[in-house]
Number of protein chains: 2
Amino acid sequence: MADVARQAGVSTATVSFVLNGTKAVTPEVRRRVEHAVKQLGYRPSHAAQTLRTGRSLAVGLIIPDLTNPFFPKLAQDVEQEARARGYTVLLADSHDDAELQRQHLETLEQRGVDVLLVVPAVGTTGTLRAGVPLIALDRSVGQTPLIQSDKWQGGALAARHLTDLGHREIAVLAGPDRNGVAGERVRGMTETLAASGVVLKEQRMYHSEYSVEAGRAGAHRLLEMAPGFTALLAANDTLALGALSALNDSGVSVPDDVSLVGFDDISWAALSSPGLTTVRQDTRQMARQAIEQALAPEAAAARLAVVDTTLVVRGSTAAPRTAAPRVLAGGRA
Amino acid sequence: MADVARQAGVSTATVSFVLNGTKAVTPEVRRRVEHAVKQLGYRPSHAAQTLRTGRSLAVGLIIPDLTNPFFPKLAQDVEQEARARGYTVLLADSHDDAELQRQHLETLEQRGVDVLLVVPAVGTTGTLRAGVPLIALDRSVGQTPLIQSDKWQGGALAARHLTDLGHREIAVLAGPDRNGVAGERVRGMTETLAASGVVLKEQRMYHSEYSVEAGRAGAHRLLEMAPGFTALLAANDTLALGALSALNDSGVSVPDDVSLVGFDDISWAALSSPGLTTVRQDTRQMARQAIEQALAPEAAAARLAVVDTTLVVRGSTAAPRTAAPRVLAGGRA
DNA sequence: TTGAAAGCGGTACCAC
DNA sequence: GTGGTACCGCTTTCAA
């Protein structure tokens with residue numbers, strides 16, 4: 001910067017002014033400075049700026065699993081929203097491990113991110129705190145300000161779709177068991193089923209981590225321990241796709257024998273055969289809300305935002321073989 | 001830091017010595033300082049350290065597409081290797097766009113990363129340069145030092161697998177056309193086929209970007225323009241999985257009518273039905289080599305490293321219906 | 001073994 | 001409108 005100042009015949013202060021538009025400057029001086037900058041290929045040092053101003057124009061994003069396509073998608077959208085506002089995103093993967101998450105939190109904060117966005121690892125307890133504004137994304141934890149889809153609604157959508165088709169024997173791959181407190185999605189599902197007079201048997205609910213392998217194991221387990229269901233609701237698409245594979249292996253036809261519904265609408269959901277009926281989350285919207293909320297000067301933060309979900313019907317759901325679908329029986333079409 | 005020094009009754013220099021182990025210090029002093037650090041919850045400012053030392057303990061990683069599971073996997077492995085050495089990784093997605101890649105390069109460098117790892121965007125021309133050591137990963141470009149799988153070998157493995165099964169009518173989804181210069185994988189495939197006396201017809205080669213959609217389109221196109229092939233080689237798994245879906249839609253049975261081979265072994269390759277036969281890349285090994293190479297003090301860098309690939313046989317390949325497999329015909333088993 | 005002080009590369013206050 | 005300069009938080013000579 002000193003070089004630029006010298007070359008342009010001005011002071012470093014002036015250079016700073018023209019670069020940041022901090023103060024009015026004579027057109028002639030501006031021209032000289034800009035010329036010098038170009039000629040010398042000058043780039044401001046980010047470290048110095050951060051040190052001096054205390055702002056780094058960076059947002060930290062911690063996600064639990066790069067391997068679940070839902071999160072890369074979300075990360076892409078966050079990155080795009082952030083870039084549009086001049087921010088860079090530092091991405092970290094917690095592998096759904098609370099301790100690793102803690103380390104990332106510390107590292108990112110120390111690296112001077114201006115704000116933290118985190119999809120809490122499954123085992124996270126208490127409220128997430130940091131020296132900078134922190135917003136939880138997609139998963140709720142303690143009192144942390146939260147942006148997420150309306151998962152209850154999503155679960156309800158999925159359940160309603162099945163009851164409308166006439167299913168009454170339903171099983172669910174519920175995802176992680178949070179000390180007996182079912183997630184919102186599962187609550188949306190079960191409460192909606194209950195409203196239709198469908199009660200979920202205890203053995204028809206399988207808890208596990210979110211993974212393809214767990215989905216596969218869960219499907220086998222349900223088939224073995226509580227057979228007779230005509231539909232299977234999964235708490236996310238990786239579980240559903242794992243289950244689909246297991247069902248295929250077991251000679252159970254989807255959707256002829258069992259209808260299957262997922263959650264998230266990851267890109268691979270459209271590619272399975274049959275295509276997976278699922279509840280789509282609007283990651284773009286989530287990302288936008290999160291970034292806006294996070295970067296808002298006024299962000300008293302405590303605002304929870306909720307974004308709508310939509311049902312995407314593909315080939316993995318159909319009326320059960322055994323019972324006439326409700327629509328034929330005179331229910332509301 | 002000044003606070004810590006005061007509290008411990010020493011100078012900031014001493015605090016620095018203790019924290020970094022830069023110089024010998026009386027046990028008693030060390031104790032006092034450590035105590036003060038803990039009590040005050042002191043965390044060094046990364047920006048200040050970077051500014052002062054010129055090293056940020058960060059590696060920048062640019063990948064072309066977070067949406068292709070191969071890259072998140074690679075990113076995870078790079079992150080792990082980097083963390084093990086005390087480095088943080090700043091991850092950016094170029095969307096396979098050379099201009100966006102240039103911006104990321106600039107941003108990351110300005111943010112003071114110590115080294116840059118980049119999987120070049122498809123349109124990249126010339127040699128990638130930066131003010132810090134830069135290593136290309138997975139895709140070669142110009143004279144940039146490169147770490148990648150032995151793609152020729154991988155392509156050869158795939159082709160050989162098909163010829164061993166007895167296929168002679170083969171089509172390929174070749175990925176992006178690099179000005180007429182086929183990628184190493186495709187060269188490995190075609191040269192190996194040629195060695196077995198199988199010539200690839202011009203119309204049996206389809207060029208496109210790497211994506212599920214392109215794979216689907218390519219399969220349809222090949223079916224239409226150059227039917228009669230009994231096997232299809234794809235340059236990566238997203239293409240292959242797209243093709244599989246298209247083949248299914250068109251009533252072409254895999255592997256009965258057409259055998260299909262992919263490349264990468266992304267996690268979803270095992271889940272399709274049938275499971276995808278593919279060439280696995282060892283991302284772990286690639287990541288390790290890249291980080292070691294990048295962080296080596298001596299890194300005269302110009303070393304190209306190559307890591308082996310392996311063939312993973314699943315259900316998507318079988319002997320062609322029409323011809324007896326070569327093994328039966330007395331070829332080398 | 002410890003401390004004083006000079007910068008790293010910017011920003012912004014205060015004079016001119 | 002422009003320049004001089006203190007200072008952000010840390011590392012690292014150099015002296016004591």
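Throughout, protein chains are lettered first and strands after them, A, B, ... in sequence-line order, and every chain is numbered starting at 1. Note that the structure is a prediction, hence the values are computed from the model and not measured.
- The CE-C1' distance, from A:Met1 to D:dG4, rounds to 14 Å in whole Å.
- The distance between atom NE2 of B:His46 and atom C1' of D:dC8, rounded to the nearest whole Å, is 16 Å.
- Going from atom CD of B:Gln110 over to atom P of C:dC8 covers 19 Å, rounded to whole Å.
- Heavy atoms of B:Ser45 sit under 4.0 angstrom from primed sugar atoms or phosphate atoms, though from no base atom.
- To the nearest 0.5 Å, atom CG of residue A:Leu137 and atom CD1 of residue A:Ile63 are 10.5 Å apart.
- Atom-to-atom, CG of B:Leu19 to P of D:dT12 comes out at 13 Å; the value is rounded to the nearest Å.
- Put simply, the side chain of B:Arg52 and the base of D:dG9 share no donor and acceptor less than 3.5 Å apart.
- Residue contacts for A:Gly112: at a heavy-atom cut-off of 4.0 Å it reaches no nucleic acid atom on any strand shown.
- Neither OP1 nor OP2 of D:dT2 sits under 4.0 Å from any side-chain N or O of A:Thr14.
- Note on A:Val15: nothing from the nucleic acid sits closer than 4.0 angstrom, heavy atoms only.
- Distances shorter than 4.0 Å separate some side-chain N or O of B:Ser16 from OP1 or OP2 on D:dT11.
- We find that CG of B:Asn20 is positioned 9 Å from C1' of D:dC10, with the value rounded to whole Å.
- Rounding to whole angstrom units, CG of residue B:Asp3 and P of D:dG9 are separated by 9 Å.
- With salt bridges taken as basic N to acidic carboxylate O contacts below 4.0 Å, none links A:Glu34 and A:Arg31.
- Of the residues near DNA chain D, A:Thr26 and A:Thr12, the one whose nearest nucleotide (by heavy atom distance) lies more toward the 5' end is A:Thr26.
- Residue B:Arg43 is in sugar-phosphate contact alone, with no base atom involved, counting any heavy-atom pair closer than 4.0 Å across all strands shown.
- Among the protein residues, B:Val29 comes within range of the sugar-phosphate backbone only, with heavy atoms under 4.0 Å from sugar or phosphate atoms but none that close to a base.
- Within 4.0 Å (heavy atoms only), A:Arg55 reaches no atom of the nucleic acid at all.
- In this structure, the CZ atom of B:Phe17 is 11 Å from the C1' atom of C:dA4, given to the nearest Å.
- Side-chain to base pairing of B:Lys23 with D:dT12: no donor and acceptor N or O lie closer than 3.5 Å to each other.
- No hydrogens or angles considered: a donor-acceptor pair under 3.5 Å links the side chains of A:Ser211 and A:Glu209.
- In terms of phosphate contacts, B:Gln49 brings no side-chain nitrogen or oxygen within less than 4.0 Å of OP1 or OP2 of D:dG9.
- In this structure, the OH atom of B:Tyr42 is 7 Å from the C1' atom of D:dC10, given to the nearest Å.
- One N or O on the side chain of A:Arg32 and one on the backbone of A:Ala8 form a donor-acceptor pair closer than 3.5 Å.
- For the pair B:Asp237 (side chain) and B:Asp265 (backbone), a donor-acceptor distance under 3.5 Å is present.
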